[in-house]
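Report on one structure; see the data block that follows.
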Amino acid sequence: MEITAIYPGTFDPVTSGHLDIIDRAARLYSKVIVAVAVNSNKSPLFDVTQRVKLLEEVTDIFENVSIIGFDNLLVDCAKQQGASVILRGLRAISDFEYEFQLAGMNRRLSPGLETVFLTPAEQYEFISSSMIKEIARLGGDVSSFVPKIVQEHLIEKFNRG
Ligand code: ADP
C-alpha cells in the first residue's frame, strides 16, 4: 500500500535527530513530506525559506522525501498533501505529554489521520534545536549534532549577529 506521511515541525534548524527520523521514515513510507511550520510566534532564528532550503539540501539523498512550508492547520495541510500519517519524533518522557495532547487534538480534528511516533538512535536523543542554537550562540562546537551545512549557517548567523 502506498502511504504518504507528513512530518511537521519547526526545524529551526534541522538537526541530526530530525534527520535520523527522516531516514527511518523514508524506509517505512512511500513518500515523506517534511512540513516546516512558519511559526511566527516562536520568532525562529532562520526564516521558513532558509529552513526549507537547509532541509532540502540535507535530504537530497532521499528520493521519496520532499519539503514544504506551511502556515495553515496541520490536518488541513496533511489532507492537501494526501498524507494519511502524521509523524512525530519522541525523545524522552518529557516529550510525551505534549505529543500525546497534540495527537489527541489532531485525532479530534481529523479522525482518519493517524499519528505515528518514531524514536531516534540513542546518540540523538538529547538533541534539540533550541539547545543547538544556544550552544552555537555561545561559540560551542555543534558539529556532532547537526549536518555540516547547518553548522556553517549557524556560525555565519552568530558571527554576523
Ligand atoms: P516542534 O516545534 O513542532 O516541536 P521541532 O522542529 O522541535 O518542532 O521538532 C519536530 C519533531 O521532531 C517533533 O516531533 C520533535 O519531537 C521531533 N524531534 C526533535 N528533535 C528530535 C531528536 N533529536 N530526535 C528525534 N526527534 C526529534
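Atoms within a ligand are numbered from 1 in the order they appear, just like the ligands themselves. Values below: every heavy atom of this structure, side chains too, minus hydrogens, waters and symmetry copies. Bear in mind that the values here come from a model prediction, so they are computed numbers and not experimental data.
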Is the side chain of Arg51 donor-acceptor paired with the backbone N or O of Thr10 at a distance under 3.5 Å, no angle test?
-> yes

Around Ile93, counting heavy atoms of other residues, nucleotides and ligands shown, do more than 12 lie under 6.0 Å from its CD1?
-> no

For ligand 1, the portion of Pro8 having any non-hydrogen atom under 4.0 Å away | backbone

Starting from atom 8 (O) of ligand 1, find the nearest protein heavy-atom neighbour and note its residue, name and distance.
-> Thr10 N, 3.0 Å

Check if Glu99 has a non-hydrogen atom at a distance under 4.0 Å from any atom of ligand 1.
-> yes

Any nitrogen or oxygen of Ser128, main chain or side chain, under 3.5 Å from a nitrogen or oxygen of ligand 1?
-> no

Do any nitrogen or oxygen atoms of Asp12 come within less than 3.5 Å of a nitrogen or oxygen of ligand 1?
-> no

In ligand 1, the atoms that come under 4.0 Å of a heavy atom of Gly89 are 14 (O), 15 (C), 16 (O), 17 (C), 26 (N)

When only distance counts, is Ile127 in polar contact with ligand 1, meaning an N/O pair under 3.5 Å?
-> yes

Hey, could you give me the OG1/NZ distance between Thr49 and Lys53, rounded to the nearest 0.5 Å?
-> 10.0 Å

Atom 20 (N) of ligand 1 sits nearest the protein heavy atom Arg91 NH1, 3.3 Å

Is the count of non-hydrogen atoms from other residues, nucleotides or ligands lying under 6.0 Å from Arg107 atom CZ greater than 12?
-> no

How about Asn106 and Ile86: do any of their side-chain heavy atoms sit closer than 4.5 Å?
-> yes

Report, in ascending order of atom number, the atoms of ligand 1 lying under 4.0 Å from any heavy atom of Ile21.
-> 25 (C), 26 (N)

The atoms of ligand 1 lying under 4.0 Å from a heavy atom of Pro120, numbered in the order shown, are 24 (N), 25 (C)

Does ligand 1 have any atom sitting under 4.0 Å from a heavy atom of Tyr7?
-> yes

Under 4.0 Å to a heavy atom of Phe11 - the qualifying atoms of ligand 1, by number | 6 (O)

Within the side chain of Asp12, is there an N or O that forms a donor-acceptor pair under 3.5 Å with the backbone of Leu45?
-> yes

Evaluate the criterion salt bridge (charged side-chain N to carboxylate O under 4.0 Å, His left out) for residue pair Arg91 and Glu125; output intermediate values, then yes/no.
-> CA-CA 5 Å; Arg91 284 163 292 189; Glu125 264 172 12; over 6 Å; no

With Tyr29, the side-chain contact (heavy atoms from CB on, under 4.5 Å) member among Asn64, Val85, Ile6 | Val85

Test of proximity, Arg88 against ligand 1: N or O pairs below 3.5 Å = yes

Candidate with minimal heavy-atom separation from atom 18 (N) of ligand 1, of Met131, His18, Arg24 | His18

Residues that Thr15 engages under side chain to side chain donor-acceptor pair (under 3.5 Å), provided they are two or more places apart = His18

Polar atom proximity, Tyr124 to ligand 1 (N or O, under 3.5 Å) = yes

How about Val65 and Lys31: do any of their side-chain heavy atoms sit closer than 4.5 Å?
-> no

